Amino acid sequence: LGYAVLAGGLLWVLYRCRSVFPVFLLGFLLAYIFDPVLDWLQTKGSTRPRATLLVFGVLTILVIAAAAVLVPIIVSQVHSLVADYGAYKATLGDLASRVETWAARFDPSGQTLGTVRDGWTRLGAYAVKLAPRVGGWVAGSVSSLFLLLVLPLITYYFMQEIDPLRARIRLLLPADYADGIVEISGEINRMLGRYIRGQATVCLLVGAKALKVADTRRVKENLSEL
């Protein structure tokens, strides 16, 4: 009964904290990814806090460099979208007129044309309903930005406590099965860590290729304007 009450209380707390739980999960995931690096630095004579500060320093430099590269590209894309809004609208209107012409040519009864016009009407009604939600999305983005600012603190805490947490979990295991469980979980941990680091490397390479393509396209556009 006591365990049931404890489990129910834990589920209730998780439900009440569901909006911030992903940030804690992301912080733990980052600590899990960089834990081998911290362990390696400790084998080289560094203390855990010093190794954590070193890793945080490198990550901060990388994040600042990524922001310096990505932010101008995002701003440029947004400006292009706003500037070309009229052209997009005209293109959409031209497409609608072509569809209506095609429908009138191949379906003189007008049934297809009525279906197309009904679809356009529904799409416009959906856009009108969607517009009031933009404010809520913006507010949610501000809240998410605040949580991301707290993320480094959470990650730092998990980096410091991940090894003591493993030791406490080991104490909870049955003595007869502790060694086997630790060996199997260690192998799973190594394989999972390699998979996550491999996927992160692939994401970085794909992102670098996308940035290179975007820079090449922007250079070509600037040359064409000249």
Side-chain angles (χ1 to χ4, degrees), residues 6-7 9-74 140-175 177-212:
L6 181 61
L10 180 60
L11 291 176
W12 180 83
V13 170
L14 291 177
Y15 175 77
R16 298 294 295 180
C17 301
R18 64 188 183 278
S19 59
V20 298
F21 183 72
V23 181
F24 284 88
L25 183 61
L26 180 58
F28 179 80
L29 181 61
L30 290 174
Y32 173 77
I33 292 174
F34 291 103
D35 182 62
V37 179
L38 297 175
D39 293 338
W40 179 79
L41 291 174
Q42 284 185 279
T43 60
K44 298 300 180 179
S46 177
T47 61
R48 188 77 176 189
R50 186 181 302 173
T52 303
L53 291 177
L54 178 61
V55 171
F56 258 95
V58 174
L59 288 178
T60 302
I61 295 174
L62 293 177
V63 169
I64 293 175
V69 174
L70 292 176
V71 170
I73 295 176
I74 295 174
S141 300
V142 174
S143 176
S144 300
L145 179 61
F146 173 76
L147 292 177
L148 288 178
L149 294 178
V150 183
L151 178 61
L153 300 177
I154 299 174
T155 305
Y156 181 84
Y157 170 79
F158 279 125
M159 283 182 174
Q160 295 297 313
E161 295 296 327
I162 190 169
D163 288 340
L165 179 62
R166 288 172 179 167
R168 287 194 292 269
I169 292 176
R170 183 185 175 91
L171 293 176
L172 297 176
L173 300 177
Y177 304 100
D179 294 337
I181 293 175
V182 170
E183 182 180 357
I184 295 174
S185 62
E187 184 64 25
I188 294 174
N189 175 59
R190 286 188 291 271
M191 296 299 295
L192 183 60
R194 292 170 185 171
Y195 172 78
I196 293 176
R197 284 187 286 272
Q199 290 297 320
T201 303
V202 171
C203 292
L204 289 176
L205 293 176
V206 173
K209 182 179 179 180
L211 289 176
K212 183 179 180 180

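We use all heavy atoms of the structure for the numbers below, so side chains are in, but hydrogens, waters and symmetry mates are not. Source: prediction; values computed, not measured.
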Name every donor-acceptor pair, under 3.5 Å, that has one atom in a side chain of residues 53-72 and the other anywhere in the protein, sequence neighbours excluded.
unit_1	atom_1	unit_2	atom_2	d
T60	OG1	F56	O	2.7

Could you pull out all residues at least two apart from [X] that satisfy side-chain contact (heavy atoms from CB on, under 4.5 Å)?
X	result
P36	R197
L204	none
T47	P49, R50
Y195	Q199

Among L26, L25, V23, L30, the one residue meeting side chain to side chain contact (heavy atoms under 4.5 Å, CB included) with I154 =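 Looking at L26, L25, V23, L30, the match for I154 under the side chain to side chain contact (heavy atoms under 4.5 Å, CB included) is V23.
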
Would you mind listing every side chain to side chain donor-acceptor pair (under 3.5 Å) that reaches into residues 25-34, with sequence neighbours excluded?
->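 Side chain to side chain donor-acceptor pair (under 3.5 Å) check on residues 25-34 returns Y32-N189.
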
Taking salt bridge (Lys or Arg N to Asp or Glu O under 4.0 Å) as the test, write out the residues that go with E187, two or more places apart.
->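 Scan of E187 (salt bridge (Lys or Arg N to Asp or Glu O under 4.0 Å), adjacent residues dropped) gives R190.
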
What pairs with D163 under salt bridge (Lys or Arg N to Asp or Glu O under 4.0 Å), at least two apart in sequence or on another chain?
->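 With neighbours one apart ignored, the set is R48, R166.
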
Return the minimal non-hydrogen interatomic distance between A51 and S46, and the atom names on each side.
->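 Result for this residue pair: N-OG, 3.4 Å.
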
Partners passing side chain to side chain donor-acceptor pair (under 3.5 Å) against Y157 (at least two apart in sequence or in another chain) |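 Once residues adjacent in sequence are excluded, Y157 has no partner under the side chain to side chain donor-acceptor pair (under 3.5 Å) criterion.
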
Which residues satisfy the side chain to side chain donor-acceptor pair (under 3.5 Å) test with E161, sequence neighbours excluded?
->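 Partners of E161 by the side chain to side chain donor-acceptor pair (under 3.5 Å) criterion come out as none, since no residue qualifies.
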
Measure the shortest side-chain to side-chain distance between I162 and L38 over non-hydrogen atoms and say whether it is less than 4.5 angstrom.
->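 No; the side chains remain at least 4.5 Å from each other.
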
Quick one: does R170's side chain get under 4.5 Å of D179's, heavy atoms only?
->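 A side-chain contact under 4.5 Å exists here.
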
Which pairs count as salt bridge (charged side-chain N to carboxylate O under 4.0 Å, His left out) when at least one residue sits in residues 198-208, sequence neighbours excluded?
->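 Matches after skipping sequence neighbours: none remain.
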
Residues in ring-ring contact (aromatic ring centres under 6.0 Å, His included) with F158, at least two apart?
->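 Result, ring-ring contact (aromatic ring centres under 6.0 Å, His included) vs F158: F28.
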
Between atom OH of Y156 and atom CG of L151, what is the distance when rounded to the nearest 0.5 Å?
->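 Interatomic distance, Y156 OH to L151 CG, rounded to 0.5 Å: 15.0 Å.
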
Atom pair OG (S185) and CD1 (I169), whose distance is rounded to the nearest 0.5 Å |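 Rounded to the nearest 0.5 Å, the OG-CD1 separation comes out at 9.0 Å.
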
